[in-house]
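Input: a single structure, listed below in C-alpha cells.
Labels below follow one simple rule: chain letters A, B, ... track the order of the sequence lines, proteins then strands, and each chain is numbered from 1. Every value quoted in this text rests on a predicted model; they were computed, and no experiment measured them.
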Amino acid sequence: MKIKRIAVVASVVAVAALALSGCSVPKTSEVIKGTSISVAWNDPLQEYNTLSATGNSAANNNISYMANSPFNYYDDKNKLVKNTEFGTYTVEKKDPLTVKYTVKEGVKWSDGVQVGAADMMMTWAALTTHLNNVEAEYDADGNITNQAALDKGVFFNAGAVKGQGLDLVSKTPTISDNNRSVTIVYDKPFVDWELSFPIGVSAHGTVQLAYPDKKYSGDAANKAFIKAVQDKDYTFLSPVAKSWSNDYKFLDMPKEKQKLLSDGPYVVTDLKDQQFVTLTARKDYTWGPSPKYQKITVRVVGDPQAQITALQNGEVKIAEGQPTADLLTQIKGLSGVKYKAATESTYEHIDLQVTNGGVFDPKTYGGDAAKAQLVREAFLKTVPRQDIVDKLIKPLQPDAVLRASLQFVPGTPGYDAVKKEGAYAQYDKVDIEGAKADLAKAGVTSPKVRFLYGKTNTRRQQEFELVRQSAALAGITVIDGGSETWGADLSSKPNAYDAALFGWQATSLAVAQNQANYTPGGLNNYYGWSDKALTAIYDKLSTETDTAKQDDLLVQADKIIGQQAWSVPIFQFPGVTAWSDTVTNVKPAFLAPQYFWNFWEWAPSKAAAK
Amino acid sequence: MLSFIIRRLGASILVLLVASFLIYNLASLAGDPLGDLRGSTAPNKAALIAARIDQLQLNVPTPLRFFIWLSGILKVFIGQFTLGDSVNGHSVISLVGSSAANTLQLVTAATLLAVIFGVAIGMSTAIRQYSGYDYTVTFLSFLFFSLPAFWVAVLLKLYVAIGFNNFLGSPVISPLSITVISLVSGFIWMSIIGGEGKPRLIVFGSATVITAATLGFLVVTDWFTTPQLGPVLIAVLGALTAVMVTSLTTGLSNRRALYAALITVLIGVALWYPLQFLFAAFPAFWLLGLLGVLSIVVGLAVGYFMGRDDRWPAARTAAISSFLVGLLVLADRLMRSWPDYVQAVGGRPIATVGANTPDLGGSIWLHMIDSYTHLLLPTMSLILISLAGYTRYARASLLEVMNQDYVRTARAKGLTERTVVMRHAFRNAMIPIITVVAFDVGGLIGGAVITETIFAWRGMGSLFTGALKDPLDLNVLMAVFLIVGSFAIVFNILADLAYTALDPRIRVS
C-alpha cells in the first residue's frame, strides 16, 4: 500500500537522526515503513534460478541480486567487494588451491532455515559435471533415445563443462563448523576462483520441491541432500536435479513458497504475468547493509521511450536503456530528472581472419607472415575508429571515448595501463599514407576485404560505410559482406569473410574468459589466431592468483594482439540511466546488475517524503 | 447451416496447416535461435549452445522440425497438447495464455467502442451529408487515419496523461480556455443538429452557454479533484439518456415507452441511496453483475406493464435506459473513490505504462479505477485510428442504402425519418461494416504490436516482436501466428453468419 505518508516523514527524520548520530550499529534495520519504489527494466523475470543454463539473464539476475546475499559483488568502480556480514571465504592453501567458505550464524532463508553447507553443496553438485551421470542422446530425427535413463539419471542443466571453472573441484567438498562451512579443493590452480562459487537457490527448498510427498523439514531436507551428495546417491539426486533445472521457471506467483526462498534483504511477494515483480524487505534480515525502501517493484517496460515517459509521469523512478539522440534530448529537458550516461557491457570491435586463404592470410602470399601482417596493419590503419565514435556514438553519449583494450573493462587499473602502453594506439587515427606505405612495402596492390557484419543493424551498416569510404582512400576495396545470420557465419563460414565487425558482451571481470578468444582452438577464436607468446601468457594466467601480476600479463596480451594486428576494439555500447530526484543514491554501474548494484542505498529524498 | 460451418472450418484448417508450414520455414530464416549466445564470452558457451540445441531440437532440419512441432499440436487428441518450449525453457502455452488474456482485455473495449462510435458518427454524417459537421468529421477522420500509431500514442501520453496529471495538481481552467472550448462545442452541436437561420443560431447559442456553464460548475465545485454525480445529476443525465434511447428505438411519439424509460430513471435515483450501503457491504464483482442483470429485468418489467397494447418496444426501451442509469450509479460510486485512488498513486492518476499499478491494495473500486486509468490511453490510441475507418465505411454504406428504391418507397408511404433510417436502412448498411469489423478483430489480436510496445502491455503483440528479436523464438512466433490465424478464421465465419441474420435474402449453403 502506498497510502501512509506521515509514517514516511517520521521515518525519514528518524533515519536522518540516525545518520547524524553516526549510526555504525550494524544490526539495525533502516527500512522506512510504508515506502516503496517502482523502477523499470526492459525484460521480465523468467526464472528464479539464475545458475541454470536458461536462467542466466540480466532480468533474472537483478531480482535474484536483491533477494539474495552474495559472498561478494561488484561496485560502481568495478571493484569486487566482499560481503563479510553474510559469510567469509579464505584461501587455506595455495597448492592445491583450497578455499573455505563459511556462512555466518543466523543467516537464514526466508522460511527460517539456516543458510549453510547444503546450499553450497547444491552449487557444487549443479555447476560441475561430477554428479551429472547422463546426457541426452538423440537419433537421426532428433528424438531423445535415452529418455528412460534421463528420467532416472541426474542432470543439472547448468551448462557445466568438464575441466573448466568449478568443475576443477573434483573431490566432494568437505563440511565443517556445524554445517556452515564448506571447503573446496581445486585440482589445478584456477584464476577466477573468487567468482565461481556462488550460492544459488536453496538446497532444502529444492529437495522439498522434488519430494513433495515426503514432507521433509528444512533441516531434514538439507541432511538428506548432503548425505546423497556425499554417497553419490543418484536415485535420490535425480528428481532434485530435475527440480533444480525446471521448478524455478514461472511467470506468475507460484503456489509453493519454496520456489521463492531468499537469503538476502528482500523477498519476492508479488509477481504478475511478466508485468512486474514486487519485493518486500525481510524483517529478520541483519546480515549486510540494510535497504531503506520497504518495497521495490521492478516493472517491465521494454521501450526506452516508454520508460522515460513513465519516469516523467512518476510511474517509475529509475529508467535505463539504449538511448537515441532524441531520447537524450528529451531526458535533458525534463525537470526533476537526473541522468548519467552509463555504458553497457558490450563492446564493438573488428576481428581479422588469418587462416582462410583470404587477404590477411600468410598462405595467400606463399606463407609470408610478415607480408600478411603488413596488409592487416594497412587495413586497420584505415579503420576510422575515432570517426565512428564521433559520428555514431557521441550523439548518444557525449562523453564517449575509444575503447583502448580488449582485455580490460574501462575504469579498471589494468585498462589504464593498456591505454598508457598504447596497445592499439597506432590505429587511433586514420593513417592513409601509412597504410599506402605498408601496402607498397608488402607489394600488394588493391587488396579486397570481405567485411562481415549484422545486416539488420543500422548502426553497423553505418560503421561499414565509414570503413569502406576510408579504406578506399588507401586503395583497399571493402566488400559488403553484411548478413542476417552473421552470428552463425562467424564460425560456420570462415572462408566467406576477411574481417568481422560485432560486439562481445563482457558481463564479469573474470580474467580467464578471454582465453577462448585468443588461443588456438579457443571456442571464440574463429580466425585461426595463434601466437606462442600469447598462448604462454594465457597458460600462465590461468594459474596466477596475484591480481597485480594478472594485470601485467593481460597488458602484454593486449600488446601482442595489437602488434599482430588481429583485432581492434572500437567503442562501448552507449546506455543511459535516468532517475527521478525523489530518490537519492542512484549510482549507475557498468557491470551487471548495473543500476541495481547498490539498491540498499536507494532512499526517498526529503522532497519526496513530503 | 451445420454442413456449411463444417465445410468452412475444414477448408480453413487446411489453409492454416499449409500456411503454418510456410511461415515456420520462412520465419526460421529470419533469425538465429542461438543469436544471443554467439557474442557471449562465457567460459561455458559451448555447453550453453549444446543445451539449447538439445532443448529446441535445432539439429533437426527446419522442414522436418515443423512436423515435430505439428505432432505436439496433434497430441491434443491424447491429452498432451504442447506448442513446444521458448528459448528460455518456458512452456509456450503458459506464455501465450497470459499474453492472450492481456491482449483481449486491451482490444475488447477498444473494438467495441470504435465500432459503436464509428458507426454512430458515420451514420450521422451521412444523414447530414455536405453539412459543416460532415466536412469537419471527414477532415478529422482522414487526419486520424493518416496518423502513425506510435505518434498518436506519444502525443496522448504527453497531453492526456502527463498534461492532465499536471492539470489535476491545480485544476483551474482559465476563462479564455472556457470561452474557446464552449464556442467549439457550440459549433459542433450546431452542425450536428442542422437547420437553417434562426434555429441554427439558437442551437449554437444554447450549446455554447450550456458548455460554459458546465465547465464553470466543474471548476467552482472542484469537481476534478472530488468528482461525483449525486442523485441530482444522475436524475438529469438519466432523463436525457431516457429521451435519447426512446427517440432512437421507438420514437418520442410513443409516449408509453418514454414514460416507462423515465420511470426506470426514477427508480434508479430512488435506489441510489440504499445502493450506497449495499456497495459498502458487499464490494464484489458478483454484486455488480447481479445488479446489472437486475436493472435489465426491472426495465423489462416496467416497460411490459406500461406498454399495454405494444408491450415489447416499451419493454426494450425501458430495459436499455434502466441499464444505462445503472451504469451512471456505478460511475458515481467509482467517482467517490477517485480521491483515494489519486492519493494512492501519488497524485498522478492517468498511467502511461502497464495494465495495472503494482501492489495497489484497496477495494474493488480502486482496482476498477486503476484498470480504467491504465486502459484509457492505449484504448484511445487504438480507437482514434480504427474509428476513422469505421466512420468512412458507415457513412458510405448508409448513403448508398439511402438512395435505394425501397427507402424511397418507405418515405413515400409516410414513415417518419427515424423509422426509415433505423428500421429500413440501418440493417442493410451494416452488412459491409460487419465484414470490415471481422477482418479488424483478427488483425487487432496480433496487430496491436505498436500500441502494446509503447504502453508496455505484455500481450500477443509484444510476445511476437520479442520472439523476432535476438534470439529468434520460433515456437513462440508460431503460437502467435496460430492464434491470430484461428481468430481470423473464426471471425470470418461469424461474419458470414451475421450476414444471414441481417439480410434474410442471404442464405448459407
Look at atom OH of B/Tyr159 and say whether more than 12 heavy atoms of other residues, nucleotides or ligands are closer to it than 6.0 Å. no
Please look at B/Ile350 and chain A and tell me whether the side chain, the backbone, both or neither of the residue comes under 4.5 angstrom of a heavy atom of that chain. backbone
Heavy-atom contact with chain B under 4.5 Å, split by part of A/Tyr347: neither
Looking at chain A, which one of B/Gly89, B/Ala47, B/Ala50 has the largest number of heavy-atom pairs inside 4.5 Å, strictly under? B/Gly89
Heavy-atom cut-off 4.5 Å, strictly under: side chain, backbone, both or neither for A/Ala488 against chain B? both
Relative to chain B, which segment of A/Ala158 carries a heavy atom at a distance below 4.5 Å: side chain, backbone, both, or neither? backbone
Got a second to check how far B/Ser98's OG is from A/Lys272's NZ, nearest 0.5 Å? 9.5 Å
Roughly how far, to the nearest 0.5 Å, is NZ of B/Lys469 from OG1 of A/Thr456? 13.0 Å
Max heavy-atom pairs within cutoff under 4.5 Å with chain A, candidates B/Leu95, B/Leu37, B/Asn166, B/Thr453, goes to B/Leu95
State the CG-OG distance between B/Leu48 and A/Ser52, to the nearest 0.5 angstrom. 9.5 Å
For chain B, find which of A/Leu251, A/Asp303, A/Asp270 contributes the most heavy-atom pairs closer than 4.5 angstrom. A/Leu251
Going from CG on A/Leu279 to CG on B/Asp359, what distance comes out if it is rounded to the nearest 0.5 angstrom? 10.5 Å
Would you list the pairs meeting ring pair (Phe, Tyr, Trp, His ring centres under 6.0 Å) in which at least one residue belongs to residues 45-66 of chain B, sequence neighbours left out? B/Phe21-B/Phe66, B/Tyr24-B/Phe66, B/Phe66-B/Trp69
Run the side chain to side chain contact (heavy atoms under 4.5 Å, CB included) check on B/His90 and A/Gln46 step by step: do they pass? CA-CA 8 Å; B/His90 279 285; A/Gln46 298 260 9; 2.8 Å; yes
Minimum-distance pair of heavy atoms, taken over all atoms of B/Ala51 and A/Asn157: CB-OD1, 3.9 Å
Nearest heavy-atom neighbours spanning B/Ala351 and A/Glu315: CB-OE2, 3.1 Å
Mind checking the CD1-OG1 spacing from B/Ile454 to A/Thr309? Nearest 0.5 Å is all I need. 9.0 Å
Give the minimum heavy-atom separation between B/Val353 and A/Ala306, together with the two atoms involved. CG1-O, 3.9 Å
Who pairs with A/Phe250 by ring pair (Phe, Tyr, Trp, His ring centres under 6.0 Å), at least two apart in sequence or on another chain? none
What are the two closest heavy atoms between A/Arg299 and B/Gly354, and how far apart are they? NH2-CA, 3.8 Å
Between B/Ile162 and chain A, which part of the residue has a heavy atom less than 4.5 Å away: side chain, backbone, both or neither? both
Minimal non-hydrogen separation, A/Thr278 against B/Pro358, with atom names: OG1-CB, 4.3 Å
Give a yes or no on whether the backbone of A/Asn313 and the side-chain of B/Asn165 come within a donor-acceptor separation of less than 3.5 Å. no
Test side chain to side chain contact (heavy atoms under 4.5 Å, CB included) applied to A/Gln275 and B/Asn356, step by step: CA-CA 9 Å; A/Gln275 290 169 22; B/Asn356 34 41; 3.5 Å; yes
Would you say A/Lys249 and B/Asn88 make side-chain contact, with heavy atoms under 4.5 Å? no
If we only count heavy atoms from C-beta on, is the B/Gln55 to A/Thr54 side-chain gap below 4.5 Å? yes
dist A/Phe502:CZ -> B/Arg38:CZ (nearest 0.5 Å) comes out at 11.0 Å
